[in-house]
Peer 1: 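Take this structure first; my questions come after.
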Amino acid sequence: MSKLIFVNLPVTDLARSTAFYEAVGFTKNPKFSNEQASCMVWSDTIHFMLLRHDFWKTFTDKQIVDAPKAAQVLLCLIRDSRDEVDAMVAQAGAAGGRLDPTPVQEMGFMYGRSFEDPDGHIFEISWMDPQMAAEGPPAEAMA
C-alpha cells in the first residue's frame with residue numbers, strides 16, 4: 001500500500017465546507033463520508049477529512065483552535081504553474097474563501113499565494129520551478 005496522508009480539519013458547517021473544497025478542485029469520496037465527515041481527495045495519496053466539531057471531539061480532548069484567530073498549521077499544496085496557483089486562489093475567493101491572508105511569495109523560481117477556507121484554515125498554493133525543486137533553491141534565497 002502507498003503511503004497516504006489524511007489531514008483532519010474541524011469544520012463548523014460540513015455541507016458548506018464540502019462545497020468549498022469541491023469548488024477549489026477536491027473530489028468527495030463517498031465511501032469515507034457521512035453526516036459527520038467528508039473525505040475530500042486532493043490526490044491518490046493526500047486526503048482531507050472534514051470533521052464536524054462534535055465528531056472531532058471524539059478523537060481528542062484538546063480544545064479546537066479558533067482558526068480565524070490563531071494558526072496551528074499552514075497547509076501547502078503545489079500546482080503545476082503560476083496560472084494554476086492564481087486559478088485555485090480565485091476559485092477559493094468565488095467559493096467564499098478569504099484571499100491572500102499571508103504575503104504573496106514572488107521569488108522567480110517559486111510563486112505562492114494563499115487562502116483561508118470558511119473555517120479559517122490557511123492554505124498556501126505554490127508553484128516551484130521543477131529544476132529548483134530537484135536541485136534546491138539558491139543559497140541566497142534561503143538567507
Side-chain angles (χ1 to χ4, degrees), residues 1-138 141-142:
M1 179 177 211
S2 297
K3 291 182 179 178
L4 303 173
I5 183 168
F6 282 81
V7 177
N8 296 285
L9 295 175
V11 300
T12 55
D13 183 328
L14 186 60
R16 176 188 69 181
S17 292
T18 300
F20 177 85
Y21 282 81
E22 288 176 326
V24 297
F26 288 72
T27 304
K28 182 178 175 181
N29 179 343
K31 293 179 183 176
F32 295 98
S33 301
N34 58 29
E35 67 283 346
Q36 296 288 343
S38 287
C39 178
M40 305 305 295
V41 179
W42 174 250
S43 73
D44 290 342
T45 58
I46 302 171
H47 303 74
F48 285 75
M49 294 299 298
L50 308 179
L51 308 175
R52 289 180 37 172
H53 280 209
D54 54 340
F55 187 50
W56 170 277
K57 291 176 182 177
T58 67
F59 294 96
T60 179
D61 60 358
K62 288 188 175 186
Q63 181 178 358
I64 295 172
V65 173
D66 185 356
K69 294 180 182 176
Q72 187 171 16
V73 297
L74 298 174
L75 303 159
C76 185
L77 301 174
I78 302 297
R79 301 306 317 228
D80 289 333
S81 70
R82 297 169 61 97
D83 288 342
E84 286 187 23
V85 169
D86 289 335
M88 188 170 186
V89 172
Q91 290 167 327
R98 181 175 159 236
L99 303 186
D100 297 312
T102 63
V104 173
Q105 297 177 13
E106 177 56 78
M107 298 180 193
F109 67 91
M110 189 169 83
Y111 174 68
R113 295 188 57 200
S114 60
F115 65 80
E116 284 185 7
D117 73 4
D119 289 280
H121 304 293
I122 300 172
F123 282 79
E124 294 179 319
I125 311 304
S126 297
W127 165 84
M128 187 181 307
D129 180 295
Q131 183 177 352
M132 288 298 134
E135 298 175 7
M142 299 306 292

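If you read the sequence from its start, that first residue is 1, and numbering goes on from there.
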Peer 1: Going by ring pair (Phe, Tyr, Trp, His ring centres under 6.0 Å), name the residues that satisfy it together with Phe6, two or more places apart in sequence or in a different chain.
Peer 2: His47

Peer 1: So which heavy atom on Cys39 is nearest to which on Ser33, and how close?
Peer 2: N-OG, 2.9 Å

Peer 1: What's the spacing between Met40 CE and Ile46 CD1 if we round to 0.5 Å?
Peer 2: 14.5 Å

Peer 1: Is there a side-chain contact between Lys57 and Pro10 in this structure, where contact means two heavy atoms from C-beta onward sitting under 4.5 Å apart?
Peer 2: no

Peer 1: Considering only heavy atoms from C-beta outward, does the side chain of Asp86 approach that of Arg113 to under 4.5 Å?
Peer 2: yes

Peer 1: With rounding to the nearest 0.5 angstrom, report the CE to CD distance, Met110 to Gln105.
Peer 2: 4.5 Å

Peer 1: Any side-chain heavy atom of Gln36 sitting closer than 4.5 Å to one from Leu51?
Peer 2: no

Peer 1: For residues Ser38 and Thr18, report the shortest heavy-atom separation together with the two atoms involved.
Peer 2: OG-OG1, 2.7 Å

Peer 1: How close do Ala37 and Leu14 get, heavy atom to heavy atom, and via which atoms?
Peer 2: N-CD2, 3.6 Å

Peer 1: Any side-chain heavy-atom pair from Met88 and Leu77 closer than 4.5 angstrom?
Peer 2: yes

Peer 1: With a 4.5 Å limit on heavy-atom distance, are the side chains of Leu9 and Leu75 in contact?
Peer 2: yes

Peer 1: Is it true that, when you exclude Asp80 itself, more than 12 heavy atoms of the residues, nucleotides or ligands shown sit nearer than 6.0 Å to its CG?
Peer 2: no

Peer 1: How long is the span from the NE2 atom in His121 to the CG atom in Leu74, to the nearest 0.5 Å?
Peer 2: 12.5 Å

Peer 1: Check this for me: Asp44, atom CG, are more than 12 non-hydrogen atoms of other residues, nucleotides or ligands nearer than 6.0 Å?
Peer 2: no

Peer 1: Using ring-ring contact (aromatic ring centres under 6.0 Å, His included) as the criterion, point out the one residue from Phe48, Phe123, Tyr21, Phe26 that pairs with Trp42.
Peer 2: Phe26

Peer 1: Which pair of non-hydrogen atoms, one from Ala92 and one from Leu99, has the smallest distance, and what is that distance?
Peer 2: C-CD2, 4.3 Å

Peer 1: Flag yes if more than 12 heavy atoms outside Glu106 fall under 6.0 Å of its CD atom; otherwise flag no.
Peer 2: yes

Peer 1: Asp66 and Pro68: which non-hydrogen atoms are nearest, and at how many Å?
Peer 2: OD1-CD, 3.0 Å

Peer 1: So that I can tick it off, tell me whether Asp119 and Arg16 are bridged by a salt bridge, with the cut-off set at under 4.0 angstrom between side-chain N and carboxylate O.
Peer 2: yes

Peer 1: Considering all heavy atoms of both residues, which atom of Ile122 and which atom of Ser114 are nearest to each other, and what is their separation?
Peer 2: CG2-CB, 4.5 Å

Peer 1: Going from CZ on Arg79 to OH on Tyr111, what distance comes out if it is rounded to the nearest 0.5 angstrom?
Peer 2: 13.5 Å

